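Remember, it's a predicted structure, so these values are computed and weren't measured experimentally.
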Amino acid sequence: MTQQTAGIIAPPIHLEFDDNRLLPILFGEHDRNLSAIEEQLGVSLVSRGNRIAISGPAANVEAARATLAGLYQRLKRGQDVGRPEVEAALRHGPAGAPANAQGERGLFGGPSDDGSAVRTQRRLVTPRSPTQAGYLRALQELDLVFGLGPAGTGKTYLAVAVAVAMLTKGKVDRIILSRPAVEAGERLGFLPGDLREKIDPYLRPLYDALYDMLPADQVVKRLSTGEIEIAPLAFMRGRTLANAFVILDEAQNTTPVQMKMFLTRLGENSRMAVTGDLSQVDLPEGSLSGLRDAVATLNNVTDIGIVRFTDADVVRHPLVTRIVRAYGARENEPTNEP
C-alpha cells in the first residue's frame, strides 16, 4: 500500500499564516517546496492567499501541517528555509518534536528556543537534524567534543561556527584549526611550492568554513595576527593551547600516539572539537586509527561529549545521502572470501 493511499482520508484542514511576505520563501520558487512535501507525504496542498488547504490520509495531513508550521516558524525567527531545510524537515519529522513552554515545536527534534543555534557575523547557523542540535549544544557546553560520522553531516562546519562565535564574543582569544597530514594516495612532499603552499590546498575546507562565518577581510586580518591559526597536526607537538578553541579535522587519520599528543595540548580556558569519519581511514592498512582508539578509551570519561552522526544527518545534496547509504550497505554485506 502506498503512502498516497494508506490510512484514513481526513477532511481537509486549513493552515493560515500571518505574514504574507514570508510565503514566497516558504512555498519556494514555482512552489517547489510545496511540491516536495506533497510528493514525500502523499498529500495535496492548495494555496489561496495566506491559507493552505491540506488533504490526504489523516496522519500524513498532520505531518504536512507540522512541517509547514515548523518551516514557517524558522522564517519568522529569521532563519533560512530552502531545499536543505525542507528535506531535513521531511526526513526527521517535526511532528514528534517536544514542545516548549509556549507549545511551539522545534523543526528538527527539539524546542524552537533550545539555544542550539549559533550566530556569526555572516550568518545564523541552525541545526538541520536532532543530532546536529545535540552536537551544537555539546560544543557550547563541554570542553572536549568528538563528532563522528559520514561526510556531509556538518561536523567540521558546525564546530567552526561555534569557534567563530566564541572568538567574536571574546570567550576565547584564538582559533586553531588542524588536520593530520595524511591523504588518500597523496603525499605533501609531491605538491609544488613551499610548506605554506603545500598545506593550504589540503586545509582548504577549513578556510571555506571560516569565510562562510566571517567577512573576508576579517579572515585575512585574523590569520595574519594569529587569532586564527591553521596548521598540520605535527605543529601541535610541545605546545599548550590556552584560551583557544581548537578543532582537529579528519581525525580518523591520526595514530593513537598523535591523538594522545593532541588531546593533552588542552590548556586553561580552551575547548576542543575532534571530528572524523571512521569509514574513511587513509592510514596504512592494519594501522589503528587514533580516533577509534580515543573514543574507545574515553567513552566513559565524564565531561566529554561523543556525538555520532548517521546518514540521516547528511545535509548536502540528497544524492549524497543515498551514496553514503549504498556504501554502508555494501560494506555490511557478507563476503564469500575465505
Thinking salt bridges, do Lys76 and Asp19 make one under a 4.0 Å N-O criterion? no

Note, Leu177 side chain near Tyr207 side chain (heavy atom, < 4.5 Å): no

Quick one: do Thr126 and Arg74 satisfy side-chain hydrogen bond (donor to acceptor under 3.5 Å, both in side chains)? Show the steps, please. CA-CA 10 Å; Thr126 57; Arg74 279 183 66 91; 2.7 Å; yes

With no hydrogens and no angle check, is any side-chain donor or acceptor of Ser55 less than 3.5 Å from a backbone partner on Pro12? no

Side-chain contact, heavy-atom cut-off 4.5 Å: Val145 with Tyr135? yes

May I ask you to decide whether Glu227 forms a salt bridge with Arg174, counting only side-chain N to carboxylate O separations under 4.0 Å? no

Does the Thr120 side chain pair with the main chain of Ala165, one donor and one acceptor, at a distance under 3.5 Å? no

Any Leu241 side-chain heavy atom under 4.5 Å of Met236 side chain: yes

As an exercise, state the distance from CD of Gln132 to CG of Leu158, rounded to the nearest 0.5 Å. 5.0 Å

Are Phe27 and Ile37 close enough that some pair of their side-chain heavy atoms sits under 4.5 Å apart? no

Check Lys155 against Gly276 and note the closest heavy-atom contact, atom names and distance. CE-O, 3.6 Å

Where do Phe262 and Val257 land on the side-chain contact (heavy atoms from CB on, under 4.5 Å) test, with the steps shown first? CA-CA 9 Å; Phe262 176 79; Val257 171; over 6 Å; no

Heavy-atom side-chain proximity of Arg65 to Ile13 below 4.5 angstrom: yes

Classify the side-chain pair Arg222/Gln218 by whether it contains a donor and acceptor separated by less than 3.5 Å. yes

Any sub-3.5 Å donor-acceptor pair from Thr153's side-chain atoms to Gly149's backbone N or O? no

Quick check: does any side chain N or O of Asn299 sit under 3.5 Å from a backbone N or O of Ala296, one acting as donor and the other as acceptor? no

Taking NZ, NE, NH1 and NH2 as the nitrogens, is one of them in Arg239 or Glu229 under 4.0 Å from a carboxylate oxygen of the other? yes

side-chain contact (heavy atoms from CB on, under 4.5 Å) between Phe245 and Val162, worked out: CA-CA 9 Å; Phe245 197 113; Val162 174; 3.8 Å; yes

Which atoms form the tightest heavy-atom contact between Leu283 and Asn253, and what is the distance? CD2-O, 3.3 Å

Of all heavy-atom pairs linking Leu142 and Arg271, the shortest is O-CD, 3.2 Å

Working to the nearest 0.5 Å, report the span between OG1 of Thr67 and CD of Glu62. 9.0 Å

For the backbone of Leu136 and the side chain of Gln140, can you confirm whether one donor and one acceptor N or O come within less than 3.5 Å of each other? yes

Quick check for you: to the nearest 0.5 Å, what is the distance between Arg51 atom CZ and Leu15 atom CG? 9.5 Å

Any donor-acceptor pair under 3.5 Å linking the side chain of Ser270 with the backbone of Ala244? yes

Evaluate side-chain hydrogen bond (donor to acceptor under 3.5 Å, both in side chains) for Tyr157 paired with Asp208, printing each intermediate quantity in order. CA-CA 9 Å; Tyr157 187 85; Asp208 290 343; over 6 Å; no

Closer than 3.5 angstrom, by distance alone: can the side chain of Arg292 be matched with the main-chain N or O of Pro256 as a donor-acceptor pair? no

Heavy atoms of Ala133 and Pro127 approach each other most closely as N-CB, 3.4 Å

Go through the steps to decide whether Arg48 and Val46 satisfy the test side-chain contact (heavy atoms from CB on, under 4.5 Å), and finish with yes or no. CA-CA 7 Å; Arg48 290 189 177 89; Val46 179; 3.6 Å; yes

Kindly give the heavy-atom pair with the smallest separation between Asn60 and Gly42, and that separation in Å. ND2-O, 4.4 Å

Evaluate side-chain contact (heavy atoms from CB on, under 4.5 Å) for Val43 paired with Leu45, printing each intermediate quantity in order. CA-CA 7 Å; Val43 296; Leu45 303 177; 4.1 Å; yes

To the closest 0.5 Å, what do you measure between CG (Asp303) and CD (Glu141)? 11.0 Å

Test your reading of the model: is there a side-chain donor-acceptor pair from Asn243 to the backbone of Asp173, 3.5 Å cut-off? no

Check this for me: Glu268, atom CD, are more than 12 non-hydrogen atoms of other residues, nucleotides or ligands nearer than 6.0 Å? no

Can you tell me how far apart CZ (Arg21) and CG (Asn50) are? Round to the nearest 0.5 Å. 13.0 Å

Can a donor-acceptor pair be found, under 3.5 Å and without considering hydrogens, that links the side chain of Arg122 to the backbone of Tyr211? yes

Nearest heavy-atom approach of Met259 to Leu248 is CE-CD2, 4.2 Å

Under 3.5 Å, is there a donor-acceptor pair between the side chain of Tyr72 and the main chain of Leu23? no

Determine, using the 4.5 Å side-chain heavy-atom cutoff (strictly less than), whether Val160 and Val220 are members of one ILVMFWY cluster. yes

Val164 side chain reached by Ile175 side chain, heavy atoms, under 4.5 Å: yes

Please examine the side chains of Leu291 and Val274, heavy atoms only from C-beta on, and report whether any two atoms are closer than 4.5 Å. yes

Kindly work out whether a path of hydrophobic side-chain contacts (I/L/V/M/F/W/Y, heavy atoms less than 4.5 Å apart) joins Leu288 to Leu148. no

To the nearest 0.5 Å, atom CG of Leu278 lies from atom CD of Gln252 at 7.0 Å

Quick check: do Leu68 and Ile52 have side-chain heavy atoms less than 4.5 Å from each other? yes

